[in-house]
Amino acid sequence: QVQLVESGGGLVQAGGSLRLSCAASGRTFTMYAMGWFRQAPGKEREFVAAISRGGGNTYYANSVKGRFTISRDNAKNTVFLQMDSLKPEDTAVYYCAADRTAYSDSIAYGSYEYDYWGQGTQVTVSS
C-alpha cells in the first residue's frame with residue numbers, strides 16, 4: 001500500500017507560480033506511474049498531468065500544457081508539479097495519485113486507473 005501526502009498549495013496572484021510536492025511512503029515508488037488531478041468547486045475531477053515510472057514519459061492536459069511541468073525524484077519518493085503562469089481557472093484542489101503498473105513507460109489518463117490517492121492541497125489563483 002502507498003500513502004500519498006501533497007503539499008505546496010496556497011494563494012497566488014494570476015501569473016504567479018507554485019510548486020506542488022507529493023511524498024509517497026513505502027519502498028516500491030518506482031513501481032508506480034504518478035499523476036496529478038484537480039477538482040474545482042461544482043466540477044468533476046479532471047486530469048492534469050502524468051509521468052511514467054522512470055520519468056521518461058510525461059503527458060499533460062491541453063489546459064495546462066506549456067505552463068505546468070511534472071517531474072519525479074525516485075530517490076526521494078516524491079513527485080512534483082511546477083505550475084507557472086497560473087490563471088484563476090487553475091483554482092482547485094489538486095490531488096496526486098499512484099498507478100501500479102508493470103510497464104516502465106506507461107501513463108494513465110483516467111482517474112479510474114489509479115490505485116492510491118492523496119488528500120489534496122488547495123490552490124487558489126486570484127485575478
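Starting from 1, each residue takes its place in the sequence as its number. Since the model is a prediction, treat every value here as computed from it, not as a measurement. The basis for the numbers below is simple: all heavy atoms, side chains too, and nothing from hydrogens, waters or symmetry mates.
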Q | By side-chain contact (heavy atoms from CB on, under 4.5 Å) - contacts of Y112 (at least two apart) | A | none

Q. Can you get from M34 to Y59 by hopping between Ile, Leu, Val, Met, Phe, Trp and Tyr side chains that sit under 4.5 Å apart?
A. no

(Q) Check for me, please, whether L81 and V64 land in the same ILVMFWY cluster - side-chain distances under 4.5 Å, paths through other members count. (A) yes

Q: Indicate yes or no: at least one non-hydrogen side-chain atom of D73 is less than 4.5 angstrom from one of F80.
A: yes

Q: Could you state whether W117 and F29 fall into the same hydrophobic cluster, counting links through intermediate Ile, Leu, Val, Met, Phe, Trp or Tyr residues with side-chain heavy atoms under 4.5 angstrom apart?
A: no

Q) Is the distance between the ring centroids of F68 and W36 under 6.0 Å? A) no

Q) If you group Ile, Leu, Val, Met, Phe, Trp and Tyr by side-chain heavy-atom gaps below 4.5 Å, do V79 and Y95 land in one group? A) no

Q: Apply side-chain hydrogen bond (donor to acceptor under 3.5 Å, both in side chains) to E89 and list each qualifying residue two or more places apart in sequence or on a separate chain.
A: none

Q. side-chain contact (heavy atoms from CB on, under 4.5 Å) with S63: which residues, sequence neighbours excluded?
A. R38, A61

**Q.** Residues which pass side-chain contact (heavy atoms from CB on, under 4.5 Å) with A50, listed by chain and number, not counting sequence neighbours
**A.** F47, I107, Y114

Q.
Filter on salt bridge (charged side-chain N to carboxylate O under 4.0 Å, His left out), then keep only pairs touching residues 47-68, sequence neighbours left out; what's left?
A. R67-D90

Q. Who are the side-chain hydrogen bond (donor to acceptor under 3.5 Å, both in side chains) partners of Q119, not counting sequence neighbours?
A. E6

Q: Calculate, to the nearest 0.5 Å, the distance between atoms CD and CD belonging to Q1 and Q3 respectively.
A: 6.0 Å

Q. Quick one: salt bridge (charged side-chain N to carboxylate O under 4.0 Å, His left out) pairs with a partner in residues 93-110, sequence neighbours left out?
A. none

Q) Rounded to the nearest 0.5 Å, how far does SG of C96 lie from CD1 of I51? A) 12.5 Å

Q. Residues in side-chain contact (heavy atoms from CB on, under 4.5 Å) with Q122, at least two apart?
A. T91, V93, T124

Q: Would you kindly confirm whether F37 and Y60 end up in one hydrophobic cluster when ILVMFWY residues are joined by side chain heavy atoms under 4.5 Å apart?
A: no

Q) Taking all non-hydrogen atoms of both residues, which atom of G56 and which atom of S52 are closest, and how far apart? A) N-OG, 3.4 Å

Run the side-chain donor-acceptor check on residues 7-24: report pairs under 3.5 Å with partners two or more places apart or on a different chain.
unit_1: S17; atom_1: OG; unit_2: D84; atom_2: OD1; d: 2.7

Q | Residues forming a side-chain hydrogen bond (donor to acceptor under 3.5 Å, both in side chains) with Q39, sequence neighbours excluded | A | none

